[in-house]
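A short write-up of the structure that comes next.
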Amino acid sequence: MTNYGDGTGRWHSETMEVFASKETASLIHIILDCQEAMAANPENPKCSQYQDEIHYASMELSKRGEL
């Protein structure tokens, strides 16, 4: 997988593709894990990546009608 913030934007499309094949429980875990990480350290420079992951996991759950 491409590194987040590599300047190409590929990370986003690759993450959405990977999330499409994950089980619902995994997507929910990703969302909760990212939320906990952001709450624990809101100044972490990776918070924008965590927010993107929450968004993409939520999009996939919504597309499946599970959100």
Side-chain angles (χ1 to χ4, degrees):
M1 186 177 276
T2 304
N3 290 333
Y4 184 83
D6 68 355
T8 67
R10 288 184 297 201
W11 179 89
H12 300 279
S13 58
E14 290 175 359
T15 299
M16 286 185 270
E17 184 178 324
V18 169
F19 282 10
S21 65
K22 291 204 177 284
E23 295 182 10
T24 297
S26 294
L27 294 170
I28 292 169
H29 176 78
I30 289 167
I31 292 169
L32 296 174
D33 189 49
C34 289
Q35 289 173 335
E36 287 178 15
M38 290 169 55
N41 186 2
E43 300 303 318
N44 185 338
K46 291 189 67 123
C47 280
S48 60
Q49 177 181 349
Y50 300 151
Q51 188 63 50
D52 286 342
E53 290 186 20
I54 291 168
H55 178 71
Y56 298 142
S58 297
M59 282 176 37
E60 182 59 34
L61 290 172
S62 180
K63 183 168 50 172
R64 297 177 188 181
E66 299 179 12
L67 186 65

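By convention here, the first residue in the shown sequence is residue 1.
Atom CD of E66 has more than 12 heavy atoms from other residues, nucleotides or ligands within 6.0 Å.
Residues passing the ring pair (Phe, Tyr, Trp, His ring centres under 6.0 Å) test with F19, sequence neighbours excluded: none. By the salt bridge (charged side-chain N to carboxylate O under 4.0 Å, His left out) test, K22 is found to be paired with no residue, residues two or more places apart in sequence or in another chain being considered. Considering only residues two or more places apart in sequence or on other chains, D33 meets the side chain to side chain contact (heavy atoms under 4.5 Å, CB included) condition with H29.
Once rounded to the nearest 0.5 Å, the distance linking CD of Q51 with SG of C47 reads 8.5 Å. Atoms CD and NZ, from E53 and K46 in turn, are 7.5 Å apart once rounded to the nearest 0.5 Å. T15 contributes atom OG1, which lies 12.5 Å from atom CD of E60 (distance to the nearest 0.5 angstrom). Rounding to the nearest 0.5 Å places CG of L32 at 9.0 Å from CD1 of I54.
Between Y56 and H12, the ring planes lie perpendicular to each other; the angle is over 60°, past the 30° to 60° tilted range.
Nearest approach of I31 to A57, heavy atoms of both residues: CG1-CB, 3.6 Å. Of all heavy-atom pairs spanning R64 and E23, the tightest one is NH1-C, 3.8 Å. Residues P42 and A40 come closest through the heavy atom pair CD-C, 3.8 Å.
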